[in-house]
Amino acid sequence: MNRKEQINLTEQFVRTKMANFDGGHDWWHVMRVRNMALKINSIEQMADSYLLEIAALLHDTADSKFMHGYAEKSYQEIKDFMSKSGMEGYIDQVIKVIRNVSYSTKDVSGNSKDPVLMILQDADRLDAMGAIGVARAFNYGGFRNRPIYDPDGQYPGKGGSTISHFYDKLLKLKDMMNTPAGRAIAEERHIFLEHYLKQFYKEWNFAIQ
Ligand code: ADP
Ligand code: NI
């Protein structure tokens, strides 16, 4: 099987695996992250683009938020899939990268210098910023039935409101970029997040005084 066929097969595998994820983690998120990762790599020339593409396609298929304790089973399915598709030589590196790409599990195995991981992390984080980042945050908040904003900070559920997620995570991403190309895109998207919050509070305070 040639590399093009392996990439096509990986796309099909990912589409099936992610069919029930929320709208912020759907196939289009994977497409955006894959294309952004390849774009960053075309500027930085750091990583093997075939390995980067495979890792980008697979990066959310074992997300524990949707696996309800079955993430390890999903990792095994990814390994089985790669091995039967002629990609056995890349299993270890791809699994290591996708275990570490998430914001919450960063740098667990100390491989943050892997250029595939550095670029993929930037691409994934960029998709949580800017206008698409705002859309994904509110979509995820709705999926978890969280309030959009809780001015008194009284919301009892864990995680709080979606606006609080901006402070917990989204506004921190700009300073976590690994590559100069990623950082440049993050600057613009960060400014948009700040504008968005400013307008949000303006409208909120106009209505509720
Ligand atoms: P990562 O896998 O990089 O840790 P997540 O899967 O946690 O990222 O987040 C994916 C998307 O869901 C992002 O756009 C993120 O902002 C959004 N998201 C995650 N947790 C929350 C939350 N508590 N409230 C709103 N959005 C969230
Ligand atoms: Ni992702």
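First listed ligand is number 1; within each ligand, the first listed atom is number 1.
We find the CZ-CZ distance between Phe143 and Arg136 to be 12.5 Å, quoted to the nearest 0.5 Å.
Counting only protein N, O or S atoms closer than 2.8 Å to the Ni ion (ligand 2) gives 4.
More than 12 heavy atoms of other residues, nucleotides or ligands sit less than 6.0 Å from atom CD of Glu187. Heavy atoms of other residues, nucleotides or ligands lying less than 6.0 angstrom from CG of Asn205 number more than 12.
Put simply, no part of His29 is less than 4.0 Å from ligand 1, judged by heavy atoms. At a 4.0 Å cut-off, at least one heavy atom of His25 sits close enough to ligand 1 to count as contact.
Side-chain heavy atoms closer than 4.5 Å link hydrophobic residues (I, L, V, M, F, W, Y) into clusters, and following such links, possibly through other members, connects Leu58 to Met1.
The backbone N or O of Asn2 sits less than 3.5 Å from a side-chain atom of Glu5, completing a donor-acceptor pair. In this structure, Asp60 contributes its side chain and Val30 its backbone to no donor-acceptor pair below 3.5 Å.
The residue Arg125 has no part lying near ligand 1, judged by heavy-atom distances below 4.0 Å. Using a 4.0 Å cut-off between heavy atoms, Asp124 contacts ligand 1 through its side chain alone, with no backbone atom that close.
Of the candidates Gly133, Ala128, Ala137, the one placing a heavy atom closest to atom 25 (C) of ligand 1 is Ala137.
Put simply, the residue from Arg183, Met129, Arg189 that forms a side chain to side chain contact (heavy atoms under 4.5 Å, CB included) with Lys174 is Met129.
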